Every structure is written in structure tokens, then in C-alpha cells.
Amino acid sequence: MPLLAEIIVDVPTLQTNKPFTYIVPEELEPIITVGMRVVVPFGKGSRKVQGFVVDIKPQKFPMDNGIEWKRISSLMDPLPVLTEELIKLGKDLSHKTFSFQVKMYQTMLPAVLRAKYNKKFIISDEVSEDVLWNVFKGRNEISWDEAEESGKLKQLIELNKEEKVQIEYEVTDKKTSKKVRIVRPLLSFEQYEEVIEDLPSNAKKQKLLVSFLQQLEGKTASIETFKEQSISTQNINTGVDKGWCKIEEKEVYRDPFSDTVFEPTVALDLTAEQSHAFNQINQAIQDKRSEVFLLKGITGSGKTEVYLQAIAEVLDKGLGALMLVPEIALTPQMVHRFKSRFGENVAVLHSGLSEGEKYDEWRKIEKEEAKVVVGARSSIFAPLKNIGIIIIDEEHETTYKQEEFPKYHARDVAIWRGQYHKCPVVLGSATPSLESRARATKQVYTLLELSKRANNQSLPHVRLVDMREEAKTGNHSTFSSLLKEELEKRLALNEQSVLLLNRRGYSSFVLCRDCGFVLECPNCDISQTLHMDTKTMKCHYCGHEEGIPSICPSCTSRSIRYYGTGTQKVEEELQALIPSARIIRMDVDTTRKKGAHERLFHSFEKREADILLGTQMIAKGLDFPNVTLVGVINADTSLGLPDFRSAEKTFQLLTQVSGRSGRGEKKGEVVIQSYNPEHYAIQYAKKHDYDAFYKREMHLRHLSEYSPYYFLIKLSVSHTNEMTAAKKIAEYLEFIKPVLSKQAIVLGPTPRSIARTHNRYHFQVMIKYKREVELEQRLHELLQSTQKEQAKGLYISIDYQPLDFI
DNA sequence: AGCACGCCGACT
DNA sequence: GTCGGCGTGCTC
């Protein structure tokens with residue numbers, strides 16, 4: 001009985017976002033498996049496209065509803081690249097995130113497995129001598145691109161109509177494996193003995209070769225090792241000719257860490273708190289329970305050691321472990337700790353690797369050669385077959401939500417996979433997101449707390465500097481006298497300092513230099529953004545607009561102006577202020593090159609500099625024992641963002657960066673400069689009081705009806721014509737409104753902050769809601785019913801639980 | 001996405 | 001009269 005395969009084709013449109021049925025050719029029947037990539041003919045011209053096999057079933061009836069099935073052309077993989085789990089996950093996620101199923105599968109796989117399409121012309125009938133030589137250059141095929149370049153495209157299309165040449169579609173991928181050439185000895189020890197005896201005495205190189213082959217005792221060795229013995233490839237070739245050995249190709253993995261030595265480490269003794277957390281997690285591992293834990297541990301409390309020991313338990317049971325970090329390039333120390341503890345069993349996936357390196361790491365996981373995966377967001381799709389634990393470190397980080405389509409959140413995926421594998425999910429953070437903390441209060445998650453630092457060192461002492469006061473005393477520089485003094489003190493003591501330049505988002509807003517006032521929207525309680533194009537202040541939520549104030553509405557001062565600072569400028573100022581200081585600057589400019597992060601961090605670690613000056617990227621999980629001072633140059637920038645999470649983000653950032661101080665023997669200090677030192681986010685960060693901040697912020701979120709009390713959906717529309725875009729979004733809103741309950745709150749429609757990009761006008765609507773049973777379905781209907789308009793240049797996008805509003 | 005079918009304007 | 005414009009609809 002013939003087999004049928006259900007296939008998701010690589011045609012990202014709504015109409016094709018479902019499986020298509022194909023006949024499995026007889027010769028493929030024994031090898032085809034669900035999860036493989038295939039090449040299938042698709043559409044009128046039966047052009048070849050890539051597809052994913054999502055189901056295989058026997059053909060029960062000759063042809064059920066009059067559809068004539070086509071046959072699969074070929075397989076692209078010898079083994080499946082997607083597991084049944086990932087196929088199901090991709091389907092669920094595409095629905096949840098309003099994106100196409102193929103796109104989901106493509107994001108799950110390394111980029112080299114993405115299809116590459118080639119169009120080419122093939123001679124199928126006799127052609128004239130002129131065509132053969134001038135168009136095809138003597139060959140019997142020519143690629144579309146080549147034909148286009150040489151200007152022969154028209155002629156070829158003509159020939160195609162005459163059926164003299166055919167157009168063919170080729171599907172390939174960029175997959176490459178790195179191969180090394182190895183030498184295999186072919187004779188026995190005794191036989192080599194004889195060969196040596198028979199060699200003429202002047203054949204020195206050959207003698208060397210034969211005795212080396214003899215030493216190998218039948219094992220293979222790379223050509224490189226022969227070269228080390230000063231045996232050239234040519235010498236080996238002579239050996240091949242004489243039948244002493246042969247050259248073979250062997251696949252090797254590109255190892256991005258090949259030149260790093262990892263000293264093995266053993267489990268450390270756990271503190272009482274750590275043990276308690278570990279036992280709870282371990283219980284879930286042993287019971288195979290899909291419990292979600294929120295591990296809230298202050299900076300330096302040893303969360304990583306708890307992760308490591310939990311993973312060790314998982315490995316003991318023969319299962320795999322998945323560990324997510326915000327961005328590996330920024331946390332080389334974390335990778336180091338994992339490699340040191342679990343050695344070869346660790347696969348690392350992050351954006352700093354080349355496509356080939358990523359593919360090799362991915363294959364190690366697929367072949368179950370590595371059971372511990374450490375990586376950034378997309379590693380949540382690692383093809384581990386039996387997962388025993390999933391950990392998301394720094395769970396509050398926004399990098400876990402992908403900003404492009406498909407807009408998935410790694411935390412949601414983690415929980416999905418945790419349920420599938422019946423394993424615990426651990427969300428770790430010193431400053432959990434309000435959403436997660438609230439879920440812990442409602443006992444959806446289990447809260448585990450680490451309130452003491454592992455080295456028993458107390459948290460650093462934090463001092464606030466009121467920059468308004470500083471200005472009054474005539475100091476208009478970026479550095480307060482206290483911060484300058486403290487920096488000089490560290491220099492004298494030969495201790496190190498970390499300076500944070502807060503540039504989150506660097507959205508422009510106005511701030512009063514005398515009283516710290518930031519202009520807020522009267523309707524939305526978030527700061528308004530400066531728009532130089534229209535010379536107005538705008539609210540990104542509701543579209544409220546007003547003039548740029550020239551006098552501070554709060555204190556009538558004239559010092560109200562645009563606020564922002566660049567790293568390079570600060571570095572120059574700092575160097576002028578303390579000429580003897582050795583400074584490392586870390587920002588997008590100095591870290592653009594591959595491996596630059598590691599190099600700079602390493603240099604700082606070796607004490608080649610006194611001060612590490614950088615943006616957000618220096619705030620995360622770094623552990624430098626010699627750092628005793630952390631300075632925050634401008635705590636306010638992140639407060640001024642037009643985002644209801646700006647206080648939360650500021651609190652998190654200040655807490656994270658403060659935690660970099662005093663991790664060694666010596667006690668740490670923190671100096672925070674601010675124009676708003678009385679702001680609760682800054683005050684609670686100073687006191688290291690997460691719980692108080694949480695209570696206060698939850699109260700405010702409740703009052704202003706934001707997350708976690710309300711969910712959010714963002715609908716955006718864009719068009720080259722401003723009127724069309726505006727009209728359409730209003731129309732779509734009218735379509736959605738009837739299914740909304742009275743509880744739902746609609747904000748907008750409003751033009752987007754950068755209202756026009758790429759000559760398109762953008763409008764958006766936010767819907768805040770608690771429970772809307774029909775909303776998701778209605779939005780899918782909206783996408784379905786607007787296909788014609790979408791084809792005509794109207795873009796519609798839906799962002800489920802967006803993290804930003806800009 | 002890409003290809004065919006189909007119904008209106010300027011041409012051998 | 002036709003060649004070809006791209007609007008519309010479908011792809012196992």
C-alpha cells in the first residue's frame with residue numbers, strides 16, 4: 001500500500017499555511033521519516049520547493065476528494081531534523097504568535113539548513129549551434145542568474161516557449177561539513193618491518209613514513225600529525241602508491257573553544273538556602289514533574305551552582321539539560337563554568353558563532369553527543385530528545401522575546417517543552433519580572449529564594465548623588481565630585497571600578513536639569529517622547545500631543561532640555577578628569593568584531609585596566625573579584641522611556657550592576673548619579689529591596705491597568721499612503737471591537753513613534769484585556785479576511801504580548 | 001512566492 | 001483584429 005506524506009511547504013503565505021498531501025515514491029518508503037526535509041513540486045509549474053514532513057500515513061483510498069497528489073521529488077536529509085515534539089511545538093507556536101508554520105520550523109533549525117533556490121535552463125531539445133555556444137557556452141545548462149547577467153534571459157524564455165529548453169528549479173542547502181584528511185595504515189607490524197628492510201638506505205623519508213605508520217598500530221592519524229614528523233603529503237602519496245596506507249576523509253566538528261583549556265571543577269558545598277532550592281528542584285526532576293520554579297537569588301548568591309548541581313542530577317538519569325542565558329557573548333564566564341563542570345558534554349549556541357560552527361554544535365546535540373545545551377534565545381529549540389530540566393537565567397531579560405517574526409517568547413516555549421517532557425523549568429533572577437513574581441504569588445510558579453551571598457559578603461553599600469545639587473555647586477561635568485573621589489581612591493588602592501552609562505533605548509525625552517522633571521502624558525502615566533520632525537511631544541500609547549516645553553512646568557526653570565550622552569564623549573571626559581586611569585570602553589563600537597567582548601573582559605580580568613566603562617552590556621552576570629566600585633553615571637535615562645516598564649527596567653539594571661561590586665574578599669561600594677534620586681525605583685535599588693519595589697510597582701500597575709494585571713496585544717498597520725493606513729486600522733478595530741468584553745481597554749489607533757519609515761506610514765492599536773475568549777480567533781479571522789489588501793501593499797502585523805510600544 | 005487565467009488599452 | 005498590461009486566485 002503506498003504511503004502518503006503530509007508536508008508543510010516553504011511558501012510563507014496564509015493560504016499555504018497548512019499541510020499538503022504528497023505520495024511517497026516507493027524507493028523512499030523505507031527511509032522517509034517524519035521531521036525530514038524534502039523537495040516537492042508545488043504549484044502550476046511544479047517548481048521545486050523545500051518542505052517539512054509532518055506526518056506519514058498509509059493511503060487508504062485511491063484518491064479521496066478529487067485532488068491529484070503529486071510525488072515527493074527527493075529527501076534532503078538522511079535523518080530527520082525535527083522531532084515529533086518540535087513539529088507539534090511549531091504548529092502551536094505559529095498559531096499563538098500569528099506567524100507561519102514554515103517560519104517557525106526555519107527558526108528552529110540552524111541557518112545552513114534553510115533552502116537555497118536556484119532556477120536554471122536546461123537544453124531539452126536540439127538547439128542551434130549559435131545558441132549552444134553563445135548562450136549555453138557549450139554546456140547543457142545555465143543558471144537563471146547567469147542568463148540575466150549576460151542579457152540572454154529574453155532569448156531563453158523564448159526558447160522555453162518553443163520547448164527547446166526547460167526551466168528547472170533546484171533546491172539545495174548551504175549545509176557543509178568540515179572534513180580533514182586522515183591516513184590509514186594498511187599493513188601489519190611485521191609487514192612494515194619487511195618493507196623497512198627492503199628499502200634502499202638513501203630512502204630516508206620513506207623509512208620515516210613507514211616506521212611512523214608502523215607505530216600507529218592500525219590506528220588512523222591526520223595528515224597534520226605526519227607533517228609534524230616532517231613527512232610531507234607527497235611522501236604519503238608515495239606510500240599510497242606502494243599500498244602501505246591510504247588517505248580517507250573524516251568529518252570533524254568546528255570547535256569554537258578548541259584553543260581554550262577548561263580546568264575541571266567539582267561540585268561546591270551548598271549553603272543551607274542553596275540546598276533547599278536544589279532539593280526542591282531535584283524532587284521535581286526525580287518525580288518527572290513539570291513544575292515551574294522561580295529562583296529568586298540576590299546577585300552573588302550562587303544561582304549558577306544550583307543550576308550546575310541540578311543538571312548533574314539530570315545527566316545521572318541519562319537525560320539532557322537546556323540552559324538559556326540572555327546573550328552568551330556577554331557571559332563568557334558562564335560558558336566557562338559549564339564547560340569546566342561538564343566538559344565535552346556541553347554544546348554552546350550563540351550569535352557570535354559562524355553558521356558552520358552553529359550547525360556543528362547543533363549536530364552534536366542532535367546526535368546526542370552533547371546533553372547539556374547552553375545558549376541564547378533560539379537554543380530553546382535545541383533538538384534534545386529527553387529533557388530533564390530547562391533553566392532560564394536572568395529570566396527578566398527582554399532578549400528572550402524575539403523582536404522579528406516569529407515573535408515568540410523563550411519563556412513560554414520553555415514552559416511548553418517542560419510540560420511535554422514532564423520536567424521542571426527553573427526561572428532564575430535577582431530581579432524577576434513582575435509577571436513571573438506575580439505568578440509565584442498566585443502559586444502558579446514555586447518560589448525559591450536565595451537571600452544571602454554565597455561568600456557571606458554583604459551586598460555593597462550604595463550612595464546616591466543628587467546631580468541637581470551638584471549643578472548648584474557649579475559642577476556641570478558628567479562626574480560628581482563623590483564619584484571622581486571614589487574612582488581615584490580605587491586607583492590608589494590598585495582596585496578596579498565598573499562605570500555604567502545607562503543608554504537603554506536612547507529614546508529622546510526632555511528632562512529638567514534643576515528639578516528632574518520629566519514630561520508625562522496626562523492620560524497614560526508614561527513619559528512623552530520628543531519629536532524633532534514635528535517639533536512636538538508625543539505619547540506613544542494614546543497619541544496625545546503637545547508643544548515642547550521651554551519652561552519646566554514644575555519649577556519654572558529654563559534648564560529643561562533633551563537628555564542623552566555618548567560613551568566616547570564620557571570616556572574622553574573621564575580621561576581628562578583622571579589622566580592616569582587606564583580605561584576600557586565597551587559599547588557597540590568597540591565590540592563589533594567577533595570575540596571582542598571576550599578580549600575586553602579578559603583584559604580587564606587580568607587587571608590591564610582600572611576602569612571598565614560601558615553600556616548595559618557590562619551589567620550582566622560578570623564576576624570580577626577585584627572590582628570594589630560600581631558607578632552609575634546616569635540612572636535617569638531608562639526612567640524616561642515611554643514604557644510602563646521603565647521603572648522596572650531601571651530597578652533591574654541598577655540592582656544588576658550594583659551586584660558587580662564586592663564579589664571578592666573586599667567589600668564593594670556603589671555610587672549612583674541621578675536627577676531623580678527620590679524616585680522609588682532608585683530608592684529601592686539603593687536599599688536592595690526587591691520586595692518593596694515589587695509591592696509598590698504592582699500597586700501602580702494595578703491602578704494604571706497594565707501587565708501583569710492586563711494582557712496586551714498590539715495590532716499594527718502600515719501603508720505608503722497615510723490616509724489608507726489610518727482608515728484601515730480604524731476599520732479593523734471596528735471589526736475586532738464587537739467580540740471584546742467591557743473589561744477590555746483599547747488604546748489608539750495612534751501613529752507610531754517613527755510614523756514614517758521606508759516611505760510607509762505606521763499606525764497601531766493596543767488592546768489591554770484580562771480574559772477575551774474570542775479575541776485570538778477574531779484576530780486570525782482578520783488576517784484571513786484581509787489577504788487581498790495585504791497583497792496590495794497593506795501590511796498588518798499582530799504582536800502578542802509585545803514588550804515595547806515604540 | 002510564482003504561475004495561469006482573464007479582461008481592458010496601444011500596436012504590428 | 002492581437003499583444004501584453006497586471007489584478008485575482010490557487011497551489012496537494
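Remember, it's a predicted structure, so these values are computed and weren't measured experimentally. Quick note on labels: first sequence line is chain A, next is B, and so on, each numbered from 1.
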A/Phe381 and A/Tyr408: CA distance, side-chain angles, deciding distance, ring-ring contact (aromatic ring centres under 6.0 Å, His included) verdict: CA-CA 11 Å; A/Phe381 299 117; A/Tyr408 67 92; 5.0 Å; yes
Can you measure [X] atom [atom1] to [N] atom [atom2] for me and round it to whole angstrom units?
X	N	atom1	atom2	value
A/Lys57	C/dC12	NZ	P	15 Å
A/Lys48	C/dT11	NZ	P	19 Å
A/Tyr117	B/dG2	OH	P	10 Å
A/Asn17	C/dC12	CG	P	16 Å
A/Gln50	C/dC12	CD	P	17 Å
A/Ile167	B/dA1	CD1	P	19 Å
A/Phe42	C/dC10	CZ	P	13 Å
A/Gln15	C/dT11	CD	C1'	9 Å

Options [options], nucleotide nearest the side-chain atoms of [X]:
X	options	value
A/Lys44	C/dC12, C/dC10, B/dA1	C/dC10
A/Thr16	C/dC12, B/dG2, C/dT11	C/dT11
A/Lys18	B/dG2, C/dC12, C/dT11	C/dC12

Residue pair A/Glu355 / A/Tyr359, side-chain donor-acceptor N/O under 3.5 Å: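 Side chains of A/Glu355 and A/Tyr359: no pair found under 3.5 Å.
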Phosphate contact (C/dC12 OP1 or OP2) by A/Lys70 side-chain N/O below 4.0 Å: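 For A/Lys70, the contact criterion (side-chain N or O under 4.0 Å from OP1 or OP2 of C/dC12) is met.
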Side chain to side chain donor-acceptor pair (under 3.5 Å) against A/Tyr769, all qualifying residues, sequence neighbours excluded: none
Residue pairs fulfilling ring-ring contact (aromatic ring centres under 6.0 Å, His included) with at least one residue in residues 8-48 of chain A, sequence neighbours excluded: A/Phe20-A/Phe42
